[in-house]
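The structure under discussion appears below in the form of structure tokens.
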Amino acid sequence: MPQAIDHLVIAVPDPDAAADELERALGIAFPSGGRHPGVGTWNRIAFLDEPYLELIGVEDAEAAGRWPVGAAAVRALEANPDGAFATYALLDDDLDATVARLRARGSDIARPAYGSRHTPSGETVEWWTATFAHLAPDQPPFLIRHARTGAEWSDEAVRSRRSQLQPVGCVVALATLELSVPNPDLVARRYRSGRGLGPVPIEGDQHLTIGPHAVLLKSSARGEPPATVVMACHGSTARSLDRFGVRFVMTGAATS
């Protein structure tokens, strides 16, 4: 079963420009990224402890449309050219077994597929994902397992991120993802049937705990931002920024 949120996918017109803007405004660095060979997308990445923010750009919409994450980015930018939350992933180191179990129960989750990214340093970062044909903020997240090697995903690299200071002056950790959707109850049912996840209704919202992270499904009728990313930075000054269709909130509290 999934252990945590792995990463959040935010579609932007220019990942480099977006990364520079968010570093200036929030004090979060985006040192990683690269190109996804053959699928028309590229990215910049900021690690928030082990999870990460992915700013994804589209170079070739036709090629991007042939894989679910790329297609979600294309749709997000077509609807909101300035940027938008596209989808997100859950970490599952036992991906093959989880997918087999879900498919046996009738889920239409796809079998794991290989993916990779070429970094500017020449390293190939590799992973396997299991997705739905259609990914979107009102659809369940996809699942991912990383090849635990190299400068980004070896055990040593992951451990070092847990104590790595961001430019803001502290270790920034992902805490909560809030998604504003037309019908939280319907989306929660999709989570249950497609991913075997169990959101809990609380005061009109749907709450899901995944390892150290929380996901809140809220009604868009309340006028909430389409997506809110809450990060904890112990000792920092609280701040908030609305950009790329996302509200970024940094609290001064430490995560548990």
Side-chain angles (χ1 to χ4, degrees), residues 4-37 39-59 64 67-70 72-73 76-77 83-91 114-129 131 135 141-168 170-175 177 213 227 229-233 241 243-246 248 250:
I5 291 177
D6 183 82
H7 68 281
L8 313 179
V9 183
I10 301 168
V12 296
D14 182 339
D16 284 340
D20 290 345
E21 182 176 346
L22 291 179
E23 181 168 356
R24 290 193 301 270
L26 296 174
I28 297 173
F30 289 77
S32 300
R35 280 173 162 72
H36 304 115
V39 294
T41 57
W42 62 292
N43 66 12
R44 291 286 299 274
I45 286 173
F47 289 106
L48 307 177
D49 198 330
E50 186 167 348
Y52 60 94
L53 293 181
E54 176 182 14
L55 304 174
I56 190 168
V58 176
E59 294 179 312
W67 70 301
V69 177
L77 289 172
F85 186 89
T87 183
Y88 71 107
L90 303 183
L91 176 67
Y114 173 80
S116 66
R117 166 170 52 86
H118 297 327
T119 71
S121 67
E123 182 180 353
T124 298
V125 181
E126 300 175 294
W127 60 82
W128 291 262
T129 57
T131 70
L135 297 174
F142 63 102
L143 304 180
I144 187 167
R145 174 172 66 85
H146 297 276
R148 298 286 187 171
T149 61
E152 290 186 12
W153 288 102
S154 67
D155 290 342
E156 181 181 355
V158 172
R159 282 194 300 270
S160 70
R161 288 206 291 272
R162 294 172 182 155
S163 59
Q164 184 175 358
L165 296 181
Q166 291 280 359
V168 71
C170 57
V171 178
V172 178
L174 177 65
L177 171 64
H213 305 127
V229 177
V230 181
M231 301 163 284
C233 181
L241 173 71
R243 193 70 175 95
F244 310 117
V246 176
F248 299 91
M250 189 175 296

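- Checked by atom type and distance alone, the side chain of Glu50 never pairs as donor or acceptor with a backbone atom of Arg162 at under 3.5 Å.
- For residues 148-167, every residue pair satisfying the ring pair (Phe, Tyr, Trp, His ring centres under 6.0 Å) rule, not counting sequence neighbours, is listed here: His146-Trp153.
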Derivation and outcome, side chain to side chain contact (heavy atoms under 4.5 Å, CB included), residues Val229 and Leu174 = CA-CA 8 Å; Val229 177; Leu174 177 65; 3.8 Å; yes
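- Taking all atoms of both residues into account, the shortest heavy-atom contact from Thr149 to Glu123 is O-OE2, 4.2 Å.
- Taking OG1 of Thr87 as the start and CD1 of Ile10 as the end, the distance is 11.5 Å to the nearest 0.5 Å.
- For Glu152, the salt bridge (Lys or Arg N to Asp or Glu O under 4.0 Å) partners are Arg117, not counting sequence neighbours.
- In plain terms, the two heavy atoms of Ser116 and Pro37 that are nearest each other are O-CD, 3.5 Å.
- Contact annotation: the side chain of Pro15 never approaches that of Asn43 to less than 4.5 Å [non-hydrogen atoms, C-beta and beyond].
- Distance alone, capped at 3.5 Å, places no donor-acceptor pair between the Asp6 side chain and the Pro51 backbone.
- Aromatic ring orientation, Phe47 versus Tyr52: perpendicular (interplanar angle above 60°, classes split at 30° and 60°).
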Please lay out, stage by stage, how Arg148 and Val158 fare under the test side chain to side chain contact (heavy atoms under 4.5 Å, CB included).
-> CA-CA 9 Å; Arg148 298 286 187 171; Val158 172; 3.8 Å; yes
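- The side-chain contact (heavy atoms from CB on, under 4.5 Å) test with Trp67 is passed by exactly one of Thr129, Thr41, Thr131: Thr41.
- Looking at His7 and Ile144, their side chains come closer than 4.5 Å, going by heavy atoms from C-beta outward.
- By the 4.5 Å heavy-atom criterion applied to side chains, Pro13 and Leu77 are counted as neighbours.
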Begin with the C-alpha distance, continue with both residues' side-chain angles, and end with the deciding distance and a verdict on side chain to side chain contact (heavy atoms under 4.5 Å, CB included) for Ile28 and Leu48.
-> CA-CA 9 Å; Ile28 297 173; Leu48 307 177; 4.2 Å; yes
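- To the nearest 0.5 Å, the span separating CG on Leu8 from CZ on Phe248 amounts to 9.0 Å.
- Across all non-hydrogen atoms, the minimal contact from Ala76 to Ala11 is CB-CB, 4.0 Å.
- Checking side-chain atoms of Arg44 against main-chain N and O of Ala19 turns up no donor-acceptor pair under 3.5 Å.
- A distance of 6.0 Å separates OH in Tyr88 from CG in Leu177, rounded to the nearest 0.5 Å.
- Rounded to the nearest 0.5 angstrom, Ile45 CD1 and Ile56 CD1 are separated by 9.5 Å.
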Can you list the steps and then say if Leu22 with Leu241 is a side chain to side chain contact (heavy atoms under 4.5 Å, CB included)?
-> CA-CA 9 Å; Leu22 291 179; Leu241 173 71; 3.7 Å; yes
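- Panel note: side chain His213, backbone Ile5; a donor-acceptor pair is recorded below 3.5 Å.
- The CD atom of Glu156 lies 6.5 Å from the CZ atom of Arg159; values are rounded to the nearest 0.5 Å.
- Nearest heavy atoms, Glu23 versus Pro167: OE2-CG, 3.7 Å.
- To the nearest 0.5 Å, the span separating OH on Tyr114 from CZ on Arg145 amounts to 11.5 Å.
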